[in-house]
Amino acid sequence: QYMDTMNGPPDFLEEPVSPITGTKFENAKAVLEQLYSDDVKDSNIVKGLLLVAEKTADKDAARKYSEKLLSLENTIDNHLYQVQAFLRLGLVKEAEHKLQSFSEKYPDEQRTMLFEAWLAMKKGQLRKALNLTNRYLEADQNNAMPWRLRGEINYLLAKYEQAISDLKMSRLLADEPSTRVILAKAYRRASREDEAITELKSTIDHPQAPMEARLLLELIYTQLRRKADLIKFYDDTIAKFPDSGFWYNRAGAFAVAQNKLDLAEQLYRLGWQKSVQANDKRAAEEAFGRYLHVLLLAGKLDKVFEEAGKYVDGDFASVAYLGMAEAKLKMNDKQIAAQYCQKALDKAAQNEILEVRVLQKMYSLLGEKEVLTYCKERPVS
């Protein structure tokens, strides 16, 4: 569904694309791309693809579909939406070029000043951004967007109480989840954590809430050491996202911190299974590695070898060998541990990113000397 952001505040937060939101929007992308292949002139489909491009941080798609949208509907709102999309995705130079062209074509458009302020903020010119926003507010105080923008600028200037005041006004005019998130961040910086929690708890289940809302609530609970709140938070989150390996892994880490190793074992195993089902190999590797590590922490060395041994020739071979290496080290068998690390590196040989991660783990297990020896002896390809 196309969001008419010209009638409400833009989402200035560049939220991280999490495994949860990523999966949701990837599914939407697949459906929309099929529809687009059937009808390339349906502007509603193009708007949907542009929204998905923003949410998944796909800069090339944002360029493509914003230009396509303008070729279908060359309107003022769509020009500004293109600038907005570029600013959200960090395409600052391109946004600046588009905004300059827009202002030359539509010199009387009032909203240009707001986008100039937003652009200045993105370029780190906070005083200029604040002056432009204040000028706009002199003429129009009934629009949530400039209040939201000024709130974010004041937040970046560390004027947290003023940011809170501005953001509350924006929320009053248009109650957007993303506004509540930046308001919660300002509350937190002002040491008003309870108010931050209130904002986030009322936001996280909203369909348009950015994942940052849930992550921020988790962070605040953690920093305040609110154990009971965290237990409920993870229970509720997993109930809401039962297929998310990401949240099983987060809950597993909390369980380890509470020394609930049996629970952590269950959570990491589920996180591994869910990530495999979602075809998220990176998350699956992480969960499998943590699963083997928690078995080690629980003293279940035989189970480490049993579980890891099943995957020494598959996609998780490097992780499996590292798990066995760590277990051998626990048994004071450094020689075999080093051999397993070598095998882990051999299995990662065609994947530079994975190889770096294996070397980092090898360094933490065996120390600098073993890693240097491997690197020196490694044949040059």
Practice task
Please determine if Arg111 and Asp140 form a salt bridge, counting it only when a charged side-chain N lies under 4.0 Å from a carboxylate O.
Solution key: no
Practice task
Evaluate the ring planes of Phe305 and Tyr340, with Trp represented by its six-membered ring, and classify them as parallel (under 30°), tilted (30 to 60°) or perpendicular (over 60°).
Solution key: tilted
Exercise for the section: Answer yes when Glu73 and Lys68 have at least one side-chain N-carboxylate O distance shorter than 4.0 Å, and no when they do not. Expected result: no
Practice task
May I ask you to check whether Tyr268 and Tyr248 place their ring centers less than 6.0 Å from one another?
Solution key: no
Exercise for the section: Decide, yes or no, whether a salt bridge links Asp236 with Lys201 under the criterion of side-chain N to carboxylate O below 4.0 Å. Expected result: no
Problem - Ion pair Lys128/Glu116, N-O distance below 4.0 Å - result: no
Problem - Verdict with supporting geometry, Ser101 and Lys105, side-chain contact (heavy atoms from CB on, under 4.5 Å) - result: CA-CA 6 Å; Ser101 298; Lys105 188 174 182 179; over 6 Å; no
Handout entry: Polar contact flag, side-chain donor to acceptor under 3.5 angstrom, Ser178-Arg148
Key = yes
Exercise for the section: Could you please spell out the steps behind the ring-ring contact (aromatic ring centres under 6.0 Å, His included) verdict for Tyr65 and Tyr36? Expected result: CA-CA 11 Å; Tyr65 292 117; Tyr36 182 71; 5.6 Å; yes
Exercise for the section: State plainly whether the residues Asp60 and Arg63 are in salt-bridge range, i.e. N to O under 4.0 Å. Expected result: yes
Exercise for the section: Determine whether more than 12 heavy atoms belonging to other residues, nucleotides or ligands lie under 6.0 Å from atom CG of Asp39. Expected result: yes
Handout entry: Ion pair check, Glu218 and Arg250, cut-off under 4.0 Å
Key = yes
Problem - Short N-O contact, Arg282 and Asp315, less than 4.0 angstrom - result: no
Handout entry: Common cluster, Trp272/Phe246, ILVMFWY with side-chain heavy-atom separation under 4.5 Å
Key = no
Problem - Test of ring centre spacing under 6.0 Å for Tyr311 and Phe288 - result: yes
Handout entry: SB check Glu326 Lys330 (cutoff 4.0 Å)
Key = no
Problem - Salt-bridge criterion met for Glu67 and Lys64 (N-O under 4.0 Å) - result: no
